[in-house]
Amino acid sequence: TRIIPFCLNSGKANTFPELRQKGIIRVIEANDHILKTKNEDLRYRRAMSKWMSEWLPLHMRKLNEETESSEEMEALGVYLTQPDGDNSEKVVGVAQLVHERGKWDYQYLNRKEWESYLRGKYEVDDDSIKAICETEQEKLDENPHFIKFRLAHSENSVVEENDHTVRIRSHTAMLEKIFRRAEQNIDEDLHNNIGIVSSDKVKVEKLIETAHTHITIFDNRTFSRIKKFQERFDAIRKKIPVDELPGNLYMDTLRIELYPEDARIFNDEFRKSILKKTHFLIIHLSFLESIWKNREDKVSYTEDEVQDFFDEWIKEFYVRNFQKPFPKNFMLVITSGRGRGSWITPKIHPQITFRPIEALLNAIEDGLNYKDDYQIKHNLCNLLYGS
């Protein structure tokens, strides 16, 4: 095998650190199954499937005292639901990354295709399919590898009261980029017809990657933008145990966590909880200063200081507490408004990168202005992955 950037660049081969130095996050070791594929669309699909199967799963990040599962994960995904009468909802689409016949591949089923699949699986007729769908939806609800997006148009006033409904708008990322409105032959509003969209038009890999990417941010300005995190921070200051802290839509459904630059938060217990589930840990440079302020030899932000923070407070801490190698599906993202800084050098660890604070703020504020929750996550993932 050889290392290639996910963009499948056919130019001069680079090493893994060199690719990460350029800000490329999606890097895989390509095998012959990918490299010998002539069709570009199929080669992209195989590369993306391999990337997601290696990057997204977090179920193996268990503390050493937790029960280890010998079962391998066979699928992960996201399923979309919409209101269906009083106090009920129905599945309108299922996107999943599936391991079959020794290979990973992704697929999308709209409502009709999902019902057809279940009819064949259970050999039932039309009269029984509704009950089967309800049972299968309950199984999805209980599956820790599947995320539910309960979608509703944000102009619906009921959405404001439902803390775990994902608001979308008609002309933002979910419908324009994932369901590709321009390519759908639907006369009525697309947000009311997600269940009948053509599966071959859905950007399913982007939906799965965005849904399953877990992002944790320590920055005062981003923390102040979403008020729902203040309740959680107040509970942290009261020393409420981590597993009893209040959640919200952004944490529980969108996999986004925001915290202020308070060094008291970054204790051992809290770091364990973060490192169990985070792909991107974003920290403002000033937060490093608050953590390292007791160092007598502290100097301005340098390559060694950022590298030492990663080695001691992240990597070595993980290995010591989890009793297993440090995961490859993790990135420490340094952010500031001062530019990349001198610490970004060829010697920096390939799991450390930089993103400007203005870009993070714009990603969040864009979604807030539209009252579109998915737009926030979509924007953040585009910024972090570089696409």
Side-chain angles (χ1 to χ4, degrees), residues 54-71 73 76 144-145 147 212-220 222-223 228-295 305-335 349-353 380 384:
E54 295 175 354
W55 176 263
L56 294 180
L58 294 171
H59 67 291
M60 293 305 294
R61 293 198 203 172
K62 294 179 180 290
L63 292 173
N64 54 353
E65 66 267 18
E66 292 180 315
T67 302
E68 294 282 358
S69 172
S70 60
E71 296 182 3
M73 185 188 63
L76 63 77
H145 304 305
I147 298 171
H212 277 269
T213 298
H214 197 121
I215 302 167
T216 303
I217 305 176
F218 284 86
D219 171 71
N220 289 334
T222 54
F223 174 76
K228 292 182 183 293
F229 283 98
Q230 185 63 51
E231 179 184 1
R232 182 174 174 84
F233 179 53
D234 291 341
I236 292 172
R237 290 191 296 184
K238 294 176 182 177
K239 298 184 179 180
I240 302 296
V242 172
D243 57 358
E244 297 178 15
L245 294 173
N248 55 53
L249 162 74
Y250 299 98
M251 282 191 56
D252 302 333
T253 301
L254 294 174
R255 306 303 200 257
I256 301 171
E257 297 189 40
L258 304 182
Y259 300 100
E261 299 165 33
D262 190 323
R264 295 172 297 177
I265 303 176
F266 217 65
N267 56 42
D268 288 1
E269 182 187 15
F270 206 75
R271 263 186 291 166
K272 287 179 186 178
S273 71
I274 291 172
L275 294 177
K276 282 176 64 176
K277 59 187 178 182
T278 296
H279 293 103
F280 292 98
L281 175 58
I282 305 173
I283 294 181
H284 198 284
L285 271 173
S286 62
F287 187 51
L288 267 70
E289 182 178 22
S290 68
I291 292 175
W292 292 57
K293 65 183 179 182
N294 59 343
R295 284 197 165 194
E305 185 168 341
V306 174
Q307 183 71 60
D308 288 348
F309 173 83
F310 174 79
D311 290 339
E312 297 177 23
W313 286 71
I314 305 297
K315 188 174 181 180
E316 293 175 8
F317 176 85
Y318 181 96
V319 173
R320 184 170 63 253
N321 285 276
F322 288 70
Q323 296 295 302
K324 58 183 61 179
F326 189 73
K328 295 181 180 180
N329 58 341
F330 174 90
M331 291 294 298
L332 173 63
V333 183
I334 303 299
T335 188
H349 195 282
Q351 287 179 269
I352 304 174
T353 191
L380 286 172
L384 295 168

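Computed from a prediction, not measured in an experiment: that's the story for all the values here.
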Worksheet item: Would you call the rings of His279 and Trp55 parallel, tilted or perpendicular if under 30° counts as parallel and over 60° as perpendicular?
Response: parallel

Practice prompt. With sequence neighbours left out, write down each residue that passes side-chain hydrogen bond (donor to acceptor under 3.5 Å, both in side chains) with Gln230, or none if nothing qualifies.
Written response: Asp234

Fill in: For the student: nearest non-hydrogen atoms of Gln323 and Arg320, plus distance
NE2-O, 2.7 Å

Worksheet item: Taking the six-membered ring for Trp, are the ring centroids of Tyr259 and Phe266 within less than 6.0 Å of each other?
Response: no

Fill in: Set of residues satisfying side-chain hydrogen bond (donor to acceptor under 3.5 Å, both in side chains) with respect to Glu231, sequence neighbours excluded
none

Practice prompt. Kindly indicate whether the side chain of Leu288, heavy atoms from C-beta on, has any atom under 4.5 Å from the side chain of Val306.
Written response: yes

Item to complete: For residues Lys228 and Met251, determine if any side-chain heavy atom of one lies less than 4.5 Å from a side-chain heavy atom of the other.
Response: no

Fill in: With Thr216 via side-chain hydrogen bond (donor to acceptor under 3.5 Å, both in side chains) - residues at least two apart
Thr278

Worksheet item: Is there a donor-acceptor pair under 3.5 Å between the side chain of Gln351 and the backbone N or O of Phe330?
Response: yes

Worksheet item: Using the ring of each side chain (for Trp, its six-membered ring), is Phe218 parallel, tilted or perpendicular to Phe287, with breaks at 30° and 60°?
Response: parallel

Discussion item. Among residues at least two apart in sequence or on other chains, which ones pass salt bridge (Lys or Arg N to Asp or Glu O under 4.0 Å) with Arg255?
Written reply: none

Worksheet item: Do you know which two heavy atoms are closest between Ile147 and Thr253, and how far apart they sit?
Response: CG2-O, 3.6 Å

Worksheet item: Looking only at heavy atoms, what is the nearest atom pair of His349 and Gln307, with distance?
Response: N-OE1, 3.0 Å

Discussion item. Under the criterion side chain to side chain contact (heavy atoms under 4.5 Å, CB included), I'd like the reasoning laid out for Asn220 against His284: C-alpha separation, chi angles, the key distance, then a yes or no.
Written reply: CA-CA 9 Å; Asn220 289 334; His284 198 284; over 6 Å; no

Discussion item. I'd like to know whether the aromatic ring centres of Phe310 and Phe326 sit less than 6.0 Å apart in this structure.
Written reply: yes

Fill in: Stepwise side chain to side chain donor-acceptor pair (under 3.5 Å) check, Tyr318 with Arg271
CA-CA 9 Å; Tyr318 181 96; Arg271 263 186 291 166; over 6 Å; no

Item to complete: Please work out which of the three classes, parallel, tilted or perpendicular, describes the rings of Phe309 and Trp313, given edges at 30° and 60°.
Response: parallel

Worksheet item: Where do Asp268 and Phe317 land on the side chain to side chain contact (heavy atoms under 4.5 Å, CB included) test, with the steps shown first?
Response: CA-CA 9 Å; Asp268 288 1; Phe317 176 85; 3.6 Å; yes

Discussion item. Go through it in stages, so that I can follow the logic: the residues are Ile334 and Thr353, the test is side chain to side chain contact (heavy atoms under 4.5 Å, CB included), and I'd like the CA-CA distance, side-chain angles, deciding distance and then a yes or no.
Written reply: CA-CA 6 Å; Ile334 303 299; Thr353 191; over 6 Å; no

Worksheet item: Under the side chain to side chain contact (heavy atoms under 4.5 Å, CB included) criterion, do Leu332 and Ile283 qualify, and how do the steps go?
Response: CA-CA 8 Å; Leu332 173 63; Ile283 294 181; 4.0 Å; yes

Worksheet item: Heavy-atom count around Lys277 NZ within 6.0 Å, excluding the residue itself: above 12?
Response: yes

Discussion item. Minimum heavy-atom separation for Lys272 and Asn321, please, with both atom names.
Written reply: CE-OD1, 3.2 Å

Discussion item. For the aromatic rings, using the six-membered ring if either is Trp, is the centroid distance between Phe229 and Phe233 under 6.0 Å?
Written reply: no

Response to the item:
salt bridge (Lys or Arg N to Asp or Glu O under 4.0 Å) pairs touching residues 238-250, sequence neighbours excluded, are none

Discussion item. Holding to side-chain hydrogen bond (donor to acceptor under 3.5 Å, both in side chains), I want the full list of residues that pass it with Asn267, two or more places apart in sequence or in another chain.
Written reply: none

Practice prompt. Determine the minimum heavy-atom distance between Pro57 and Leu76, stating which atoms define it.
Written response: CG-CD2, 4.1 Å

Worksheet item: Judged by atom type as modelled, is there a donor-acceptor pair below 3.5 Å linking the side chain of Glu257 to the main-chain atoms of Ile215?
Response: no

Item to complete: Please name the pair of heavy atoms, one in Thr222 and one in Asp219, separated by the smallest distance, quoted to 0.1 Å.
Response: N-OD2, 2.8 Å

